[in-house]
Amino acid sequence: MPLGELADRVGISSVNLSKIKNNRVTAVRFSTLAAICEALDCGVGDILEFVPEPAVPADHSRPAVPADHSRPAVPADHSRPAVPADHSRLPPGKLGGL
């Protein structure tokens, strides 16, 4: 059955059905899945396959920070620089003259 015809029977756009077909979605409504199965006269197991994700390393390591240091640096103690009580670091006229 052509993709466009199946999309019409299911009641979704050809673009969305193509995304489902090519595994470019993160979720599918049960009603959509049921409509696809009904239109194809099949069961869910005939069109879906569970593929487990790779295991996470035991040390839960994360990738290193990119070489361009695109993440802002945070001090080890997660402190923030103090803001002067008179807000003197703000340019004049900002925040209603504070």
Side-chain angles (χ1 to χ4, degrees):
M1 170 182 320
L3 193 69
E5 183 181 339
L6 180 58
D8 289 341
R9 287 187 184 190
V10 172
I12 62 174
S13 71
S14 297
V15 172
N16 284 340
L17 187 57
S18 179
K19 287 179 181 179
I20 293 169
K21 176 185 170 210
N22 294 307
N23 198 26
R24 289 193 166 70
V25 295
T26 56
V28 178
R29 291 182 182 197
F30 287 120
S31 59
T32 302
L33 188 57
I36 292 170
C37 289
E38 185 176 334
L40 295 176
D41 191 28
C42 67
V44 175
D46 296 323
I47 60 174
L48 292 181
E49 175 186 6
F50 174 72
V51 179
E53 292 186 21
V56 176
D59 64 355
H60 302 285
S61 60
R62 294 183 177 184
V65 176
D68 66 355
H69 301 286
S70 58
R71 294 188 204 167
V74 178
D77 64 356
H78 299 282
S79 63
R80 295 183 176 186
V83 177
D86 65 355
H87 302 278
S88 60
R89 74 179 188 160
L90 297 174
K94 297 291 182 183
L95 299 175
L98 289 178

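The first residue of the sequence shown is numbered 1, and numbering continues consecutively from there. These numbers were taken from a predicted model, which means no experiment stands behind them.
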Student: Can you list every salt bridge (charged side-chain N to carboxylate O under 4.0 Å, His left out) pair that touches residues 5-14, not counting sequence neighbours?
Tutor: Glu5-Arg9
Student: Could you point out which residue of Asn16, Ile36, Ile20 forms a side-chain contact (heavy atoms from CB on, under 4.5 Å) with Val10?
Tutor: Ile36
Student: Within this structure, what is the CG-NZ distance for the pair Asn23 and Lys21, rounded to the nearest 0.5 Å?
Tutor: 12.5 Å
Student: Working to the nearest 0.5 angstrom, can you tell me the gap between Ser18 OG and Leu6 CG?
Tutor: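 Reported to 0.5 Å precision, the distance equals 11.5 Å.
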Student: Would you say that more than 12 heavy atoms from the other residues, nucleotides or ligands in this model lie under 6.0 Å from the CG of Asn22, or not?
Tutor: yes
Student: Give me the atom names and distance for the closest heavy-atom approach of Ser14 to Gly4.
Tutor: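 Scanning both residues, the minimum pair turns out to be OG-CA, 3.7 Å.
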Student: Examine Met1 and Val44 and state if one hydrophobic cluster contains both, with Ile, Leu, Val, Met, Phe, Trp and Tyr joined whenever side-chain heavy atoms are less than 4.5 Å apart.
Tutor: yes
Student: According to side chain to side chain donor-acceptor pair (under 3.5 Å), who are the partners of Asp46, at least two apart in sequence or on a separate chain?
Tutor: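 With sequence neighbours excluded, Asp46 shows a side chain to side chain donor-acceptor pair (under 3.5 Å) to no residue whatsoever.
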Student: What is the minimum heavy-atom distance between Gly43 and Cys37, and which atoms define it?
Tutor: C-SG, 3.7 Å
Student: Hey, could you give me the CD/OG distance between Glu38 and Ser31, rounded to the nearest 0.5 Å?
Tutor: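 Rounded to the nearest 0.5 Å, the CD-OG separation comes to 11.5 Å.
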